[in-house]
Amino acid sequence: MKKEVVLGIDLGGTYTKLGLVTKTGGILNNSRFDTNARMPFQDFLKKLESEVNDLKSNLGPEQQLIRIGIGAPNANPQSGNMENPPNFKWGRSVPLAKSVEKIFDLPVVLTNDANAAALGEMEYGLGKGMKNFVVLTLGTGLGGGIINNGELLTGEHGMAAELGHVNVNSNPNARQCNCGLKGCLETYVSVTGIRRTIFELISKMTDDSPLRSISFDEMTGEIISDAALEGDTIALRAFEQTAEALGIQLADTAAHLDPEAFILLGGLSKAGDILLKPTIDAMERKLFNAYKGRIKVLISKTPSENAILGPAALAWKVEH
């Protein structure tokens with residue numbers, strides 16, 4: 001009997017990561033490529049086909065690829081489409097599942113990228129053994145995934161936990177979000193959001209900083225995190241503001257869900273305690289008394305290159 005594997009695809013606004021994964025979470029082969037979210041969808045599919053075929057060529061005769069799991073922004077598991085993905089130029093309704101099924105002639109299951117990350121944490125990460133927790137992905141955008149009583153919460157329309165598009169600033173001059181709204185949490189708490197904060201601070205502060213010589217498009221979450229860890233005053237101030245906005249929102253979310261923990265992952269989480277400690281402080285200040293001191297905020301231990309474990313966990317959950 002052949003050893004079954006699944007293909008996990010983590011489709012992000014900047015990079016797409018993919019890999020072949022066993023039932024126990026072992027990664028056999030993996031790769032990544034630039035998503036080029038502002039180029040045509042068909043360009044992406046051609047690149048994906050090439051990358052997947054390269055991975056498949058490394059499978060042994062005793063191994064069989066049986067299914068594909070995809071985590072993608074604004075992916076609706078009911079329709080199989082990416083619906084109005086704010087950081088992409090692929091259209092309002094992108095037939096992702098059907099397109100990938102057609103290319104590889106394999107069953108495809110997909111969900112929101114943060115939902116997939118939540119499943120990955122439950123099966124292989126810090127959420128193992130937890131029944132109620134929330135994952136927040138702090139990448140190009142901000143995604144949310146909710147595990148409630150041991151099950152992924154998807155909602156009536158398959159689009160639950162879009163925490164990045166909760167309004168946190170009702171001022172008319174609030175930041176414009178790619179989704180069309182203003183004042184979304186994602187515009188303040190994400191790699192894109194903190195870049196905007198960095199450039200606002202650069203215009204107001206006179207402190208020397210290597211960040212001044214980096215363009216907006218080249219400034220990654222890792223670069224900002226590294227600068228903060230090295231004591232850069234502008235980066236540290238940006239993390240203070242980001243953590244304040246995030247912590248307040250965690251307190252609001254706790255009032256709805258009463259989770260055991262919030263688990264943070266993505267580029268901004270690389271800053272570790274520089275993000276974590278002020279986030280916890282802000283959350284605790286705003287928490288309803290019944291929750292104070294009882295809700296953990298954790299940074300995922302899953303390496304960013306292993307983001308494919310979430311989509312793989314989704315694929316393994318499907319019955320044969």
Side-chain angles (χ1 to χ4, degrees), residues 12-15 17 32 34-35 37 87 114 117 126 135-144 163-164 168-169 171 173-178 183-251 262-286 296-307:
T14 304
Y15 297 111
K17 300 167 186 174
R32 80 173 190 178
D34 291 338
T35 301
N87 298 306
L126 291 180
V135 164
L136 288 98
T137 58
L138 310 178
T140 306
L142 187 154
L163 300 180
V168 296
N169 188 341
N171 190 300
N173 295 320
R175 292 180 181 177
Q176 179 69 51
C177 184
N178 285 335
C184 291
L185 183 67
E186 179 174 296
T187 67
Y188 299 91
V189 183
S190 66
V191 173
T192 306
I194 199 169
R195 283 191 296 187
R196 294 169 80 165
T197 301
I198 289 285
F199 275 78
E200 288 176 0
L201 291 172
I202 284 174
S203 70
K204 296 175 182 176
M205 298 172 64
T206 59
D207 304 60
D208 289 335
S209 170
L211 297 177
R212 293 183 181 275
S213 63
I214 302 173
S215 73
F216 188 87
D217 288 338
E218 292 174 338
M219 191 176 292
T220 65
E222 285 81 1
I223 288 173
I224 300 169
S225 296
D226 288 345
L229 290 168
E230 291 171 6
D232 183 272
T233 53
I234 291 177
L236 288 169
R237 182 73 59 83
F239 269 105
E240 288 173 7
Q241 295 184 15
T242 300
E244 182 73 13
L246 176 58
I248 291 170
Q249 186 53 49
L250 295 189
F262 291 101
I263 301 175
L264 311 180
L265 53 89
L268 289 192
S269 68
K270 299 293 188 296
D273 284 346
I274 288 175
L275 174 68
L276 191 62
K277 287 183 177 179
T279 295
I280 293 172
D281 289 345
M283 181 187 76
E284 288 290 339
R285 286 200 313 272
K286 296 294 184 178
K296 294 174 283 190
V297 183
L298 309 170
I299 290 180
S300 172
K301 295 180 180 178
T302 303
S304 60
E305 60 269 22
N306 291 359

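Just the heavy atoms: all of them, side chains too, but no hydrogens, waters or symmetry mates, feed the values below.
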Next on the checklist: As a quick check of understanding, evaluate side chain to side chain contact (heavy atoms under 4.5 Å, CB included) for Leu250 and Leu136, giving each step before the final call.
Outcome noted: CA-CA 10 Å; Leu250 295 189; Leu136 288 98; 3.8 Å; yes
Item to check | side-chain hydrogen bond (donor to acceptor under 3.5 Å, both in side chains) involving Thr242 - partner list, sequence neighbours excluded | outcome: none
Checklist entry - Would the number of heavy atoms belonging to other residues, nucleotides or ligands and lying under 6.0 Å from CZ of Arg237 be above 12? => result no
Next on the checklist: Quick check: closest heavy atoms across Gly221 and Val191, and the distance to 0.1 Å?
Outcome noted: N-CG1, 3.5 Å
Item to check | Under the side-chain contact (heavy atoms from CB on, under 4.5 Å) test, residues paired with Asp34 that sit two or more places apart | outcome: Tyr15, Asn36
Which donor-acceptor pairs under 3.5 Å do side chains of residues 267-274 form with protein atoms, sequence neighbours excluded?
| residue | atom | partner | partner atom | Å |
| --- | --- | --- | --- | --- |
| Ser269 | OG | Gly266 | N | 3.4 |
| Ser269 | OG | Gly266 | O | 2.6 |

Item to check | Pairwise side-chain contact, Phe239 with Ile224, heavy-atom cut-off 4.5 Å (strictly under) | outcome: yes
Checklist entry - Does the side chain of Phe216 reach to within under 4.5 Å of the side chain of Arg196, using non-hydrogen atoms? => result yes
Next on the checklist: Which heavy atom of Gly247 sits nearest to which heavy atom of Ala282, and what is that distance?
Outcome noted: CA-CB, 3.9 Å
Checklist entry - Got a second to check how far Leu126's CG is from Thr302's OG1, nearest 0.5 Å? => result 6.5 Å
Next on the checklist: Quick check on Asp208: does its CG atom have over 12 non-hydrogen neighbours (other residues, nucleotides or ligands) under 6.0 Å away?
Outcome noted: no
Checklist entry - Which pair of non-hydrogen atoms, one from Gly164 and one from Cys184, has the smallest distance, and what is that distance? => result O-CB, 3.4 Å
Item to check | Derivation of the side chain to side chain contact (heavy atoms under 4.5 Å, CB included) call for Arg175 and Thr197 | outcome: CA-CA 10 Å; Arg175 292 180 181 177; Thr197 301; 3.0 Å; yes
Checklist entry - So how far is it from Phe262 CZ to Met283 CE, rounded to the nearest 0.5 Å? => result 6.5 Å
Item to check | Glu186 to Leu142 - nearest heavy-atom pair and separation | outcome: OE1-N, 3.1 Å
Checklist entry - In Å and rounded to the nearest 0.5 Å, what is the CG to CG distance from Leu264 to Leu298? => result 8.0 Å
Next on the checklist: Just so I know, are the side chains of Leu138 and Leu246 near enough to count as touching, which here means a heavy-atom distance under 4.5 Å?
Outcome noted: yes
Item to check | Ser213: side-chain hydrogen bond (donor to acceptor under 3.5 Å, both in side chains) partners, not counting sequence neighbours | outcome: none
Next on the checklist: So Gln241 and Leu201, do their side chains get closer than 4.5 Å, heavy atoms only?
Outcome noted: yes
Next on the checklist: Can you list everything that forms a salt bridge (charged side-chain N to carboxylate O under 4.0 Å, His left out) with Lys301? Sequence neighbours excluded, please.
Outcome noted: none
Item to check | Qualifying side-chain hydrogen bond (donor to acceptor under 3.5 Å, both in side chains) pairs, either residue in residues 274-285, two or more places apart | outcome: Glu244-Arg285
Checklist outcome for this item: To the nearest 0.5 Å, atom CG of Asn178 lies from atom OG1 of Thr192 at 7.5 Å
Checklist entry - Is any side-chain heavy atom of Asp232 less than 4.5 Å from a side-chain heavy atom of Glu230? => result no
Item to check | Val135 versus Ala114, closest heavy-atom pair with distance | outcome: CG1-O, 4.3 Å
Item to check | Criterion side chain to side chain contact (heavy atoms under 4.5 Å, CB included) on Val168 and Thr187, from CA distance to verdict | outcome: CA-CA 9 Å; Val168 296; Thr187 67; 5.8 Å; no
Checklist outcome for this item: CZ of Arg212 to OG of Ser209, rounded to nearest 0.5 Å, is 6.5 Å
Checklist entry - When rounded to the nearest 0.5 angstrom, what is the spacing between CD1 in Ile214 and CE in Met219? => result 5.0 Å
